[in-house]
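Each remark here refers to the structure printed beneath this line.
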Amino acid sequence: MHFEDSSSVTLLFKFWDVHGPAGMVLSVVVVLLLTVFYELLKVWKAGLDEAPVSRPTPPSSTESLGSSSPLESSPSEASLTPLDRTSAPEKSWLMHTLQTCVHVVQVTLGYLLMLCVMSYNVWIFLAVIVGSLIGYFLAFPLLGKF
């Protein structure tokens, strides 16, 4: 097998049969956008993996260090309030379900893009490479915001 630069190719399914330059340009744009979406999805998944779980905040180190009064070292009234433990497992389950769905979409899209590259068409290959470049360039600044 070797890469070809023709404007005729069948991508993924029989109905995505490209014949001619206009179809190839449209297919390149679609594959490029799918690759950009794949890169954005990877960043979103990384943000979901690092999403903070609602946990009680521990007392700050300045409160426990150097406090000489028994009142200062005792827990505050706010820390003695009961925790809402019913919503935490539900949120955790919902977050895990969302992460699972995002993972399945990411893996499926990754394999579809790999199959597009395995059509051995130069233009489709370049669309995946450029889409990955654009997607990473757009998504990288978002990585720190999650």
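Numbers here simply count residues along the sequence, with the first being 1.
A continuous path of hydrophobic side-chain contacts links Met114 to Phe125 [ILVMFWY only; heavy atoms under 4.5 Å]. Following chains of ILVMFWY side-chain contacts shorter than 4.5 Å, one can reach Tyr38 starting from Val107, so the two form part of one hydrophobic cluster. Cluster annotation: Val104 is not connected to Phe37 through the hydrophobic network of ILVMFWY side chains, with a link wherever side-chain heavy atoms come within less than 4.5 Å.
Heavy atoms only, all atoms of each residue included: Leu41 and Val105 are closest at CD2-CG1, 3.6 Å. Shortest non-hydrogen contact noted between Cys116 and Val31 is SG-CG2, 4.2 Å. Minimum interatomic distance between Leu40 and Gly135 (heavy atoms only, all atoms of both residues): CD2-O, 4.4 Å. Annotation for Met24 and Ser6: closest pair CE-O, 3.6 Å, computed over non-hydrogen atoms. Heavy-atom minimum distance, Val18 versus Gly23: CG1-C, 3.4 Å. Shortest non-hydrogen contact noted between Ala139 and Val43 is CB-CG2, 3.3 Å.
Distance CG/Leu32 to CD1/Ile124: 10.0 Å, rounded to 0.5 Å. Put simply, CD1 on Ile129 and OG1 on Thr35 are 8.5 Å apart, with the number rounded to the nearest 0.5 Å.
Not counting sequence neighbours, the partners of Tyr136 by the ring pair (Phe, Tyr, Trp, His ring centres under 6.0 Å) test are Phe140. Evaluation of the side-chain hydrogen bond (donor to acceptor under 3.5 Å, both in side chains) rule for Thr10 yields Asp17 as partners, not counting sequence neighbours. Partners of Thr108 according to the side-chain hydrogen bond (donor to acceptor under 3.5 Å, both in side chains) rule, which considers only residues two or more places apart in sequence or in another chain, do not exist here. For the side-chain hydrogen bond (donor to acceptor under 3.5 Å, both in side chains) test, no residue two or more places apart in sequence or in another chain qualifies with Ser119.
Sorted by first then second residue, the salt bridge (Lys or Arg N to Asp or Glu O under 4.0 Å) pairs that include residues 23-43, not counting sequence neighbours, are Glu39-Lys42. Applying the ring-ring contact (aromatic ring centres under 6.0 Å, His included) test to residues at least two apart or on different chains, the pairs with a partner in residues 103-123 are Phe3-Tyr120.
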